[in-house]
Protein chains: 4
Amino acid sequence: MNGMRIATLTSGGDCPGLNAVIRGIVRTASSDYGSTVVGYQDGWVGLMEDRRVQLYDDESIDRILLRGGTILGTGRLHPDRFKNGLETIKANLADAGVDALIPIGGEGTLKGAKWLSDNGIPVVGVPKTIDNDVNGTDYTFGFDTAVSVATDAIDRLHTTAESHNRVMIVEVMGRHVGWIALHAGMAGGAHYIVIPEQPFDIAEICKAMERRFQMGEKYGIIVVAEGAMPKEGTMELKSGGVDQFGHEIFTGIGQQIGDEIKARLGHDVRTTTLGHIQRGGTPTAYDRVLATRYGVHAARACHEGQFGTTVALRGEHIVQIPLADAVGTLKCVPEGRYKTARALFG
Amino acid sequence: MNGMRIATLTSGGDCPGLNAVIRGIVRTASSDYGSTVVGYQDGWVGLMEDRRVQLYDDESIDRILLRGGTILGTGRLHPDRFKNGLETIKANLADAGVDALIPIGGEGTLKGAKWLSDNGIPVVGVPKTIDNDVNGTDYTFGFDTAVSVATDAIDRLHTTAESHNRVMIVEVMGRHVGWIALHAGMAGGAHYIVIPEQPFDIAEICKAMERRFQMGEKYGIIVVAEGAMPKEGTMELKSGGVDQFGHEIFTGIGQQIGDEIKARLGHDVRTTTLGHIQRGGTPTAYDRVLATRYGVHAARACHEGQFGTTVALRGEHIVQIPLADAVGTLKCVPEGRYKTARALFG
Amino acid sequence: MNGMRIATLTSGGDCPGLNAVIRGIVRTASSDYGSTVVGYQDGWVGLMEDRRVQLYDDESIDRILLRGGTILGTGRLHPDRFKNGLETIKANLADAGVDALIPIGGEGTLKGAKWLSDNGIPVVGVPKTIDNDVNGTDYTFGFDTAVSVATDAIDRLHTTAESHNRVMIVEVMGRHVGWIALHAGMAGGAHYIVIPEQPFDIAEICKAMERRFQMGEKYGIIVVAEGAMPKEGTMELKSGGVDQFGHEIFTGIGQQIGDEIKARLGHDVRTTTLGHIQRGGTPTAYDRVLATRYGVHAARACHEGQFGTTVALRGEHIVQIPLADAVGTLKCVPEGRYKTARALFG
Amino acid sequence: MNGMRIATLTSGGDCPGLNAVIRGIVRTASSDYGSTVVGYQDGWVGLMEDRRVQLYDDESIDRILLRGGTILGTGRLHPDRFKNGLETIKANLADAGVDALIPIGGEGTLKGAKWLSDNGIPVVGVPKTIDNDVNGTDYTFGFDTAVSVATDAIDRLHTTAESHNRVMIVEVMGRHVGWIALHAGMAGGAHYIVIPEQPFDIAEICKAMERRFQMGEKYGIIVVAEGAMPKEGTMELKSGGVDQFGHEIFTGIGQQIGDEIKARLGHDVRTTTLGHIQRGGTPTAYDRVLATRYGVHAARACHEGQFGTTVALRGEHIVQIPLADAVGTLKCVPEGRYKTARALFG
């Protein structure tokens, strides 16, 4: 079907590549199908409040390819408010003459997309997560950029750690999964990597550092995912309260691990928490290509009526998979991958 | 089998990530299997001349992770000399007590590896090509770095092209396949991409640039793979002679296309040939992870006796495939991928 | 004087930091003096053809800080046409109610600015040159970015040169002066640097490379400024014609030096010509700060009536110097600086 | 005097460029004067404990040009222990046959150098500080790298702040002076910059952010030096204890300012503390050139007998100034420079 009216929105945390997806949708819709695209601002909130902007296929849409963040803004909406808003959403989409909706977001957003789809709205999803934790797709855009930023930081920390004979802890993003820690740690030549999927034993980490010093090495780099958890009974963590969904947060897990190593080994230990720089800025070439392809394929899927699906990367190919396959569980680091990383510790 | 003696070598053009593979092999062999690793210098030449160095699992092997090129040196050996050297190779490997050989190289190297394997030498290959043209694997290390360097360059050329109202041609690597041009062109927001797999029509390129100017745009960026070829009868190219294997080379295809556009449109056109910077320097985080995994898995395959195979990336997994599946034909850009890129031209 | 109407334009080759200057002018004029700023397009041409745009002190002016090139466009105007255009220029400025003009450009542009000033137009200049060849100022913006891009490239070439046992020639910008070659060569650890100020002896360069090989080194990096010239009688160069001002050009001096070294030493030699990537893209932090300060001070100078001057960097300070001090001769690399660089060759 | 025996050491916090200085000293001493160089490990401590390594003018010294940190290691020595060690130092230098000592370090190290010089030891200093706070020199190496890293981070934070309508605080290094905050803030287009030299008024910062929101802007970036101090009576800070010299430290000043803005404006505010990544890693081209020149000139000064001096950058030139001129007070950001930065806030 040509000459459609497509709507898109970006929801959840921002992520390098969101604008490349938007550009891919607008370009494909316009040049290949003669369709038009409208964007809702600030995620689901903008859809519910009917705040929309027309997106034109002109030079300005080209410029956003390199730009981090999202020109549409993003936001989080409490699931309850979302679920009570079905009639409003339907009315707003009808009012705007929207034939298909492309929500771009993480597992929570895709869950919402599935629910809308189940309720009769023609939806094609685009998975977005710097954490790489969405099921059903090999990789998501934003992840490569986050890993690159973290790796650059680790590269820099090697020399300062070595010059001062220090153990250096780097806390990276990853509340539920350890993909960023795993990849940045491997790319950065870390001497230990701590991820949520593999509860850590502080004694084992200390032993690994000690072994280094005994072998004459002068420093150590430890990469810690923010969602790292100790093996039960091995280390007490100070709680940082609970998040909006009731899960306990351990603020500054990197700092806490660092303090403990310092206490146990009596060695100079410093912690760096990379924070928001991992999710901002110009996407890497890899993420620009992946995000652009997602956008092109999502637009195509709308015109081919493949609703209730999401784009996904499988090997070299972009495919459409049922939204149901992308939600429900998070994609965790498998034990084999962690074992490969461990082979390089030391 | 533990306690093996493994040999490795790097052959063909250098490629960011070679050292990460070597490190992965040495670390895994040493820490997981108690094996030792020896490296032959300058590719097959070093193997035939028995020039080898012991590679130790110490801090120095860690440092090479970030370093471009190859600490073993590389080289090219004429296939005839190679084929006549079987007895020498066997004698040298026996003399050094080598139980398994891991050659790291492109399609030609893997062909050699297969031939050695067919002749009874226990071989596990590692594919290497910045061009991404080896069959049977989704991606090869070095490619992401090359694309990143080319994309950085294209990013820079946008603003200078725009300030001067110019058409800017960027010639990138890719003698036989257009992967680097395709990805860097997509990532860099190029307005036209020319690849060997899709013979170009200079009139069509000129028309695309003219359309831009008519729409009020002030400049254009065209990415050209060095192996680009015109549709028969559409443009005559000055030949640059023949390469060592007898294939005609068109030196400076980018410049020739630029000259032709200038002649036809009367517009200011400039050409930049990126050259060797695409293959040197620190690998990207993506390439370091991929190369490290290749090294780890190649070492494991040796210890598990999976000879006659090469490591390969399939989706998220590293698998062993028969060497025969990786040689014979080059992996070209499929038409669908070029069509996706075309949707973004203009 | 407050509430002025200031005009600006960018002339000559584009240069990273031009937009930062424009932003600095607009911001300062608006917030500190309640003045407005208008921009002429495409350099002197736009001034003569009265093509102007209003520049507003809003968010859009902030965004240009990071952007290479110039939002005003740039161009070159033949001096004769410029000199015959005085009355047109005066009429256009009067028509637009312009109280002061800030031309941003290189030595040629500042010469034009001086001539306008001598003819009664209130002018404050801003020196611009990636070549760093404007007299009277320690450094100019754009130079640091060009050096950084060239240094990144040289860093990458080291590993590929080493892996292949090659001599690698890198031709960088600098038609009349060797500043970029000098700094990038020093920063990149080049083994020889050739600049226009010091005519080269090809035999000496070959000897330096030979000495490296004799000492067991495997490769060499030579940085060549595009305006490099041989000592009389030591090497014949193929001419590339004459430029618009009648000066002979030797196209591809890097390639020619490379060919000669290859012929004399019989060694594998490769040449990379960096070209336009040196002048495009996001400016370095250094250039953004310098360009911003230039813009702020130029705006101030207009409001303080310091006409007939140009901003200049002296140590840590931005000062106003007579336009006459910035034109007439180019700032060359002094012998002492080249001698310091030579101490690191080898 | 030729054929000297020179000693060098690096003291205080590590800094990108230290290795480039060492390389400059070794190369110049060796090739221009036939002298040899020895390095003491871990700063003054290594000198007192007579831990030294010979530094050879070979390929390995070339490789360190790009490497952050210091191959000699660094450390801090309590002034008392240092002052009591004069005889030990003299004995160790005599024992090693050292003719001249080149300590590379910050204000404290240069103070020590001056004291040694006053006590008859032939000393030439090299100023080192990423903070740019050493008197008598325009800039010091390491500063440009720190500013570049911080600017990259700020660039990334813009898009994430904008996508989420946030105020983003970036805490950068600078315990006593605000140079890094000033330059990175200007280069990164920050909307407010807080430096130690200009005590801040939290109400004024809040007002500046509010004005942005009233004008329709969606976010704000505030750069805070770690040594920022409130105007007396305007905001209470939680103390982080005292440092080794008895000065009070306010740990997490960025976080504290962020919390206060959040409390006052009710706006989403996030804080990123860049930490150690500012001082590690490959130096920028600017820093490599400056550090190399420092090394070359320090070696020359030794051979010319200019003891009791330190190298310093004045405009384009490296000069020798009395050690006394470099110590005693720190180089602060002058009010004029802060005023220029303020012109760009908003």
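Chain letters run A, B, ... following the sequence lines, proteins first and then strands; every chain starts at 1. Worth saying up front: this structure is predicted, and the values here are computed from it rather than measured. Heavy-atom basis, side chains included; hydrogens, waters and symmetry copies ignored.
In this structure, no portion of D:Thr10 lies under 4.5 Å from any heavy atom of chain A. Residue D:Val170 does not touch chain A at all, counting heavy-atom pairs closer than 4.5 Å. For D:Thr74, the parts lying under 4.5 angstrom from a heavy atom of chain A are both the backbone and the side chain.
Of the listed residues (D:Asp42, D:Ile277, D:Leu72), the greatest number of heavy-atom pairs within a distance under 4.5 Å of chain A belongs to D:Ile277. Between chain A and the options D:Gly275, D:Gly68, D:Gly13, the largest number of non-hydrogen pairs under 4.5 Å is found for D:Gly68. When each of A:Glu162, A:Arg270, A:Arg279 is checked for heavy-atom pairs under 4.5 Å with chain D, A:Arg270 comes out on top.
The line from OG1 of D:Thr159 to CG of A:Leu66 is 11.5 Å long, rounded to the nearest 0.5 Å.
Heavy atoms only, all atoms of each residue included: A:Asp14 and D:Thr160 are closest at OD1-OG1, 2.7 Å.
Each of D:His164, D:Arg156, D:Arg166 was checked for a side chain to side chain contact (heavy atoms under 4.5 Å, CB included) with A:His276, and the lone residue meeting it is D:Arg166.
A donor-acceptor pair under 3.5 Å links the side-chain atoms of D:Ser163 to the main chain of A:Thr70, judged by distance alone.
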